[in-house]
Protein chains: 2
Amino acid sequence: MSKSNNVYKDAYNRGLRLLGETQSLPSEPELGTLLGVSRTTVRTILARMEETGLIAWNKRSKTVLRAPKPDDFFPEEETDTLAQIIERSFMRRLLAGGAEAGMQINELELAREIGVGTTSVREFLIRFSRFGLIEKRRNSHWVLKGFTRAFALELTEIREMFEIRSAAAFAALPQDSPVWADLDRLEDEHRLLASEITTRFNEFSELDERFHRLIHRASHNRFIVDFYDVIAMIFHYHYQWNKAQERERNEVAVAEHLAYIAALKSRDLGKVDAACRKHLKSARNTLLTSIPETGNRIIS
Amino acid sequence: MSKSNNVYKDAYNRGLRLLGETQSLPSEPELGTLLGVSRTTVRTILARMEETGLIAWNKRSKTVLRAPKPDDFFPEEETDTLAQIIERSFMRRLLAGGAEAGMQINELELAREIGVGTTSVREFLIRFSRFGLIEKRRNSHWVLKGFTRAFALELTEIREMFEIRSAAAFAALPQDSPVWADLDRLEDEHRLLASEITTRFNEFSELDERFHRLIHRASHNRFIVDFYDVIAMIFHYHYQWNKAQERERNEVAVAEHLAYIAALKSRDLGKVDAACRKHLKSARNTLLTSIPETGNRIIS
DNA sequence: CAAATGTTTTTTCCCGATAAAAGACATTAT
DNA sequence: ATAATGTCTTTTATCGGGAAAAAACATTTG
């Protein structure tokens, strides 16, 4: 079947949400930029909307006829990229136990298990390899290095190096840089979240990522910025399987972020360094305590 | 034709070189480890050696009948991996001018030009993307970011951070660590090369890489160790196209390495830091001066 | 009976093909 | 004449297939 039309389905679903807001849709190119897809896909979407009686479409006029019903939407699982599907499957196996360091990874088996072609699995593994959790044996299998304490320590070591440097660069940015407005907005969101932490603690993850990415961007170094992908991936999956004391953890983190933001705004490098280190240290500890210490076998 | 037999051809060529050294070859598994290939490939090699009258092969006995002649060898170009072929082609285009930042990369066109399938090109680009020189637009083309001054600065910034830390870790290693013997050996090689620099200056590259990799390994951090791949790749290709003052450059670098090695052996962290910084600074300058400053256009 | 050889099975690597999606060109409407 | 729509072309994403290489299993040999 060569290629799934998840791009279309996902854009279609997002397009449905626009329908509630207006009586007529904008031009095709405009819809394209709005949904982040090409005009070809936009036209496919419009065609279906017309077919299902959601809109009347005649050249430039695209009149909304009715609001979308729940079953107008494509099921969520059909809107995922193959890469996302493979990643999820792979991470589940990796984190949901039974994934010992040194274990071999079999492309064919993975592909069969997930129900996709080998090419997609291969491409996924190549992309994934930069996270430092797997390694390729030439002309042969991949080897799992394992989500071990050592991995967490190596990861956080780099993270700390990079973030301390980025934070210093951030604080040194001129007053008229737009990042200060971004920071103000993030601060507000932090305060809001802090006040409703008991119910919204699970929204912290996303805020956390945006905050740290903003800081890393101040480094103006693509390697530093890109490295945050590794951290984000690890945190994303790791905390999906480890919900212990999530609320408390996030409550502490929000407070640390606010102190960190205050330090940045003071532009006092000493304060920035201290606040940054303090937060990173506690982030490292949370990560470390959640890794069960199964023997640190090193396989070479 | 699906897959070339370059693994076999390369191993065969290396196998031929063994022939001059003994009268009879070892067991199949032993040959396998020696050549770094599976027994299947070993047997294919032996079969051909028998066919061309190089050996008499009967079960355990593999008697050498004659020394290999030049035309027993497979041509060099047939022993390259597809990945190597693609990489070379790609880097030639990238560095041999005409590769402006912001330019689109077309998988299909690249594949046709090099004469390989699209899958291999895609896989190469994914692997290559970690070097920070290209970036993917989802569901669309890759964008070339260009080998610019900014790139060189970002690269060296990280390099310096990592190497200064690794050097400190190295100096702190216990006296009985095997790295000290490795360092002694490298020092000897440096002295030898220094004394014959006028004729052997082009051998420095390889020594340089081994030296820096030894130091980086002391960090015991996979991200630091892996990052050296980026540096090695850049230096490898960059200096292939830029031979200006190669001898002088390398002569200076050898001297700096020797000072750096002496500092490491002194285990005086202050000295190590100074020697390391000095060398890295001059390495950065050599790289920077060799990048022609064509407008730093930023495309976003 | 351990290690080598002989044989069979499985996996990796790579290509060509095809539908989805993007992009380019031609035409029409404001 | 600019911006939209309509149509056609190219490129990307993904699969299945097949040869090379690895790995597993069976048999022989010292």
Side-chain angles (χ1 to χ4, degrees), chain A residues 1-11 26-32 35-47 57-62 81-83 85-86 104-112 115-126 136-142, chain B residues 1-11 26-32 35-47 57-62 81-83 85-86 104-112 115-126 136-142:
Chain A
M1 95 212 60
S2 65
K3 196 180 182 181
S4 91
N5 54 355
N6 66 79
V7 172
Y8 154 66
K9 286 179 177 169
D10 180 54
S27 77
E28 294 172 11
E30 225 168 313
L31 276 169
L35 299 171
V37 294
S38 75
R39 204 158 68 79
T40 308
T41 306
V42 168
R43 286 173 67 87
T44 322
I45 290 169
L46 290 173
W57 181 26
N58 188 281
K59 306 201 169 171
R60 294 178 188 221
S61 98
K62 311 173 192 75
T81 322
L82 238 203
I85 295 168
I86 296 173
Q104 291 183 199
I105 297 163
N106 187 319
E107 289 177 5
L108 202 62
E109 189 191 313
L110 253 178
R112 272 194 296 246
V116 298
T118 47
T119 314
S120 316
V121 170
R122 281 174 66 79
E123 286 182 8
F124 164 76
L125 291 171
I126 295 169
K136 176 101 183 112
R137 295 267 178 278
R138 244 187 61 134
N139 275 309
S140 181
H141 52 261
W142 291 82
Chain B
M1 94 212 61
S2 66
K3 196 182 182 181
S4 91
N5 54 355
N6 67 78
V7 172
Y8 153 66
K9 286 178 177 170
D10 181 54
S27 76
E28 295 173 10
E30 225 167 312
L31 275 169
L35 298 172
V37 294
S38 75
R39 204 157 68 78
T40 309
T41 306
V42 167
R43 286 173 68 85
T44 322
I45 291 168
L46 290 173
W57 180 26
N58 187 280
K59 305 201 169 171
R60 297 183 185 214
S61 99
K62 309 172 193 77
T81 323
L82 238 203
I85 294 169
I86 297 173
Q104 289 183 202
I105 296 163
N106 188 316
E107 288 176 6
L108 203 61
E109 189 190 312
L110 251 179
R112 273 195 294 245
V116 298
T118 46
T119 314
S120 316
V121 170
R122 278 175 70 79
E123 286 182 8
F124 165 75
L125 291 171
I126 296 169
K136 178 102 181 111
R137 296 266 177 280
R138 242 187 63 137
N139 276 309
S140 181
H141 53 263
W142 290 84

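Every chain is numbered from 1 and lettered A, B, ... according to where its sequence line falls, protein lines coming before strand lines. This structure is a prediction, so every number in the text was calculated from the model and none was measured.
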> Starting at the 5' end of DNA chain D and moving along, which residue's nearest nucleotide shows up first, B/Ser2 or B/Thr119?
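Whichever sits nearer the 5' end wins; that is B/Thr119.
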> More 5' along DNA chain C: B/Ser120 or B/Glu30, using each one's nearest nucleotide?
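This one resolves to B/Glu30.
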> Return the OG1 to CZ distance between B/Thr44 and B/Arg39, rounded to the nearest 0.5 Å.
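CZ of B/Arg39 is found 11.0 Å from OG1 of B/Thr44.
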> Please report, rounded to the nearest Å, how far the P atom of C/dT12 is from the CZ atom of A/Arg122.
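Rounding to the nearest Å, CZ of A/Arg122 and P of C/dT12 are 8 Å apart.
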> Identify the heavy atoms of B/Val121 and B/Ile86 that sit nearest to each other, and give their distance.
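Scanning both residues, the minimum pair turns out to be N-CD1, 4.0 Å.
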> I need the CZ-P distance between A/Arg138 and D/dA21, as an integer number of Å.
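Answer to the nearest Å: 10 Å.
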> Under 3.5 Å, is there an N or O donor on one side and an acceptor on the other linking the side chain of A/Lys59 and the base of C/dT28?
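By the distance-only test, no, there is no pair.
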> Quick one: label A/Ile105 by what it contacts on the DNA or RNA (base, sugar-phosphate, nothing), any heavy atom closer than 4.0 Å.
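It contacts sugar-phosphate atoms only.
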> Identify whether any heavy atom of A/Thr44 sits under 4.0 Å from a base atom; if not, whether one sits that close to sugar-phosphate; answer base, sugar-phosphate or nothing.
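No contact.
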> For a quick check, tell me whether the side chain of B/Ser38 and the base of D/dA21 share a donor-acceptor pair closer than 3.5 Å.
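Counting by modelled atom types and ignoring angles, no donor-acceptor contact under 3.5 Å is found here.
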> What nucleotide among C/dA22, C/dT12, D/dA21 has an atom nearest to a side-chain atom of B/Tyr8?
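It is D/dA21.
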> Nearest whole angstrom, please: distance from the P of D/dC15 to the CZ of A/Phe124.
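Going from CZ in A/Phe124 over to P in D/dC15 covers 14 Å.
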> A/Asn139 CG to C/dC13 P: how many Å, rounded?
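These atoms are roughly 6 Å apart.
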> Output yes when at least one side-chain N/O atom of A/Arg137 is less than 4.0 Å from OP1 or OP2 of D/dA22, else no.
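A/Arg137 to D/dA22 OP1/OP2: no side-chain N or O under 4.0 Å.
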> Start at the 5' end of DNA chain C and walk down; is the nucleotide closest to B/Gly115 or to B/Arg60 reached first?
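Closer to the 5' end of DNA chain C: B/Arg60.
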> Once you round to the nearest 0.5 Å, how far does CG of B/Leu46 lie from CH2 of B/Trp57?
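Separation between the atoms: 4.5 Å.
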> Choosing from D/dT12, C/dG6, C/dT11, which nucleotide comes nearest the side chain of A/Leu108?
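So the side chain of A/Leu108 is nearest to C/dT11.
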> Looking at D/dT14, D/dT12, D/dT5, which one has an atom nearest to any side-chain atom of A/Ser27?
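Given the options D/dT14, D/dT12, D/dT5, the side chain of A/Ser27 is closest to D/dT5.
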> Answer with base, sugar-phosphate or nothing: what part of the nucleic acid does A/Lys9 contact at a heavy-atom distance below 4.0 Å?
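Touches nothing.
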> Kindly give the heavy-atom pair with the smallest separation between B/Tyr8 and B/Thr41, and that separation in Å.
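What the structure gives for the nearest pair is CA-CG2, 3.8 Å.
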> So, is A/Lys136 close to the C/dT12 phosphate, meaning a side-chain N or O under 4.0 Å from OP1 or OP2?
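No.
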> Whole angstrom is fine here: how far is it from CH2 in B/Trp142 over to C1' in C/dA22?
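Between C1' of C/dA22 and CH2 of B/Trp142: 17 Å.
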> Give the nucleotide from the list C/dC13, C/dT5, D/dA23 with an atom nearest to the side chain of A/His141.
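The closest nucleotide is D/dA23.
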> Base, sugar-phosphate, or nothing for A/Thr40, non-hydrogen atoms under 4.0 angstrom?
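Base contact.
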> B/Arg39 has an atom CZ; how far is it from atom C1' of D/dA24, in whole Å?
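In whole Å, D/dA24 C1' lies 10 Å from B/Arg39 CZ.
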> Which value, rounded to the nearest 0.5 Å, describes the distance between B/His141 atom NE2 and B/Leu108 atom CG?
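So the gap between those two atoms works out to 14.5 Å.
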> With a 4.0 Å cutoff (strictly under), does any side-chain N or O of A/Arg43 reach OP1 or OP2 of D/dC8?
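No, A/Arg43 has no side-chain N/O under 4.0 Å of OP1/OP2 on D/dC8.
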> Rounded to the nearest 0.5 Å, what's the gap from CZ on A/Arg122 to CD1 on B/Ile126? Could you check?
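Nearest 0.5 Å value for the CZ-CD1 distance: 10.0 Å.
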> Hey, does A/Thr41 reach any base, or is it just sugar-phosphate, or nothing, if we go heavy atoms under 4.0 Å?
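A/Thr41: backbone/sugar contact only, no base atoms under 4.0 Å.
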> Of the nucleotides D/dG6, D/dT12, D/dA22, which one has an atom closest to the side chain of A/Ser140?
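Within the option list, the nearest is D/dA22.
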> Whole Å only: how far is the CD1 atom of A/Ile126 from the P atom of D/dA13?
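The distance from CD1 of A/Ile126 to P of D/dA13 comes to 14 Å, rounded to the nearest Å.
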> Return the value, rounded to whole Å, for the distance between atom CD of A/Glu28 and atom P of C/dT28.
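Spelled out: CD on A/Glu28 to P on C/dT28 is 16 Å.
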> Do B/Thr81 and A/Arg138 have side chains that approach each other closer than 4.5 Å (heavy atoms only, starting at C-beta)?
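Side chain of B/Thr81 against side chain of A/Arg138, heavy atoms only: contact under 4.5 Å found.
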> Would one find a side-chain N or O of B/Asn106 under 4.0 angstrom from OP1 or OP2 of D/dT12?
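The answer is yes; a side-chain N or O of B/Asn106 sits under 4.0 Å from OP1 or OP2.
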